[in-house]
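This one's a predicted model, so the numbers in the text were calculated from it and none came from an experiment.
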Amino acid sequence: MASVAFPRKRLRRNFTAETIAKRSRAFEQFLSHLHSIDEIRRSSEFLEFFFLPDLQAAQRLTCTGLYREALATWANAYRLQDRLGVCSSGRFLLTLAGLAVCHQELDQLSEAHGFCEQALQLLEAQGSHPLLGPFLQAHIHLAWKVGKDKRHSEARLQDLRESGLLLQQQPSLKECLIKEPLE
């Protein structure tokens, strides 16, 4: 950390382009240094620093029905998580749910279907996950709407119900998305 030095705050001229640029470069150096430490780079706190505010904002926008604005924020969170390599986390599944819900609400059904498929691929290896049933239900509905094959999802949903892992009445993907606490 000795090589990372933030420019000192001044009594005046803190908001000049030069001062802002210097502080920005110092912050980038600081983040690069943190990223170089394996334990920090993999910590949820470090990773969520980058995308949790977007997830919270996107969830608020979705809850208030501002789907177009929410979609842009979910998409930004998606890109950040993808670049940080956390595409197998629960937060990433929530992001896929947000993208699917917003696309569906904006009548962009093919895009919504694609995000459901991506989530189901991530959930393929898991026997049970709170979002599995809602994703399967959304995928079946969207596949029917866009004329895609839904038999695999129907069979998987039926198997989960028969095994007792899923209740007959599952919350919708949108309900799960709205109720998920994001701290």
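Cluster annotation: F27 is connected to L84 through the hydrophobic network of ILVMFWY side chains, with a link wherever side-chain heavy atoms come within less than 4.5 Å. Residues Y67 and L61 do not share a hydrophobic cluster, defined by chaining ILVMFWY side chains whose heavy atoms lie under 4.5 Å apart. V101 and V146 sit in two unconnected hydrophobic clusters of ILVMFWY residues. Membership requires side-chain heavy atoms under 4.5 Å apart, directly or through other members. A continuous path of ILVMFWY side-chain contacts below 4.5 Å connects F49 to L52, so both sit in one hydrophobic cluster.
When all heavy atoms are compared, the tightest approach of A70 to C102 is CB-SG, 3.7 Å. For the residue pair Q59 and I178, the shortest heavy atom distance occurs at NE2-O, 3.6 Å. Nearest heavy atom pair, residue L142 against residue C116, reads CD1-SG, 3.8 Å. Between L123 and R156, the shortest heavy-atom contact is O-NH2, 2.9 Å. Across S153 and H139, no two heavy atoms sit closer than the pair OG-ND1, 2.7 Å. Nearest heavy-atom pair across T73 and A57 is CG2-CB, 4.1 Å.
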Inset, instruction - Please assess R83 against F51 for the test side-chain contact (heavy atoms from CB on, under 4.5 Å), listing each intermediate value before the final yes or no. - result: CA-CA 11 Å; R83 292 188 99 188; F51 60 81; over 6 Å; no
Inset, instruction - Tell me, with the steps shown, if L106 and E111 meet side-chain contact (heavy atoms from CB on, under 4.5 Å). - result: CA-CA 10 Å; L106 295 169; E111 290 86 350; over 6 Å; no
Inset, instruction - Given side-chain contact (heavy atoms from CB on, under 4.5 Å), test L122 with L120 step by step and report yes or no. - result: CA-CA 5 Å; L122 289 173; L120 290 173; over 6 Å; no
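Between R91 and L182, some side-chain heavy-atom pair lies under the 4.5 Å cut-off. Within the 4.5 Å cutoff, side-chain heavy atoms of Y78 are placed close to those of L96. Between L109 and D107 there is a side-chain heavy-atom pair separated by less than 4.5 Å. Two residues are said to be in side-chain contact when any heavy atoms from C-beta on lie closer than 4.5 Å; Q137 and L173 fail this criterion.
Taking NE2 of H141 as the reference point, atom CG of L136 lies at 14.5 Å (rounded to 0.5 Å). Between the CZ atom in F135 and the CD atom in Q121 there is a gap of 12.0 Å [rounded to 0.5 Å]. Between the NE2 atom of H152 and the CD atom of E117 there is a distance of 10.0 Å, given to the nearest 0.5 Å. Rounding to the nearest 0.5 Å gives a distance of 7.5 Å between CH2 of W74 and CG of L99. Rounding to the nearest 0.5 angstrom, the gap separating the OG atom in S172 from the CG atom in L177 is 9.0 Å. Rounding to the nearest 0.5 Å places CZ of R25 at 12.0 Å from CD1 of I20.
Judged as a side-chain hydrogen bond (donor to acceptor under 3.5 Å, both in side chains), the pairs with a partner in residues 97-106 (not counting sequence neighbours) are, in order, H103-Q108, E105-K174.
Within the 3.5 Å criterion, the main-chain N or O of A77 finds a donor-acceptor partner in the side chain of Q81.
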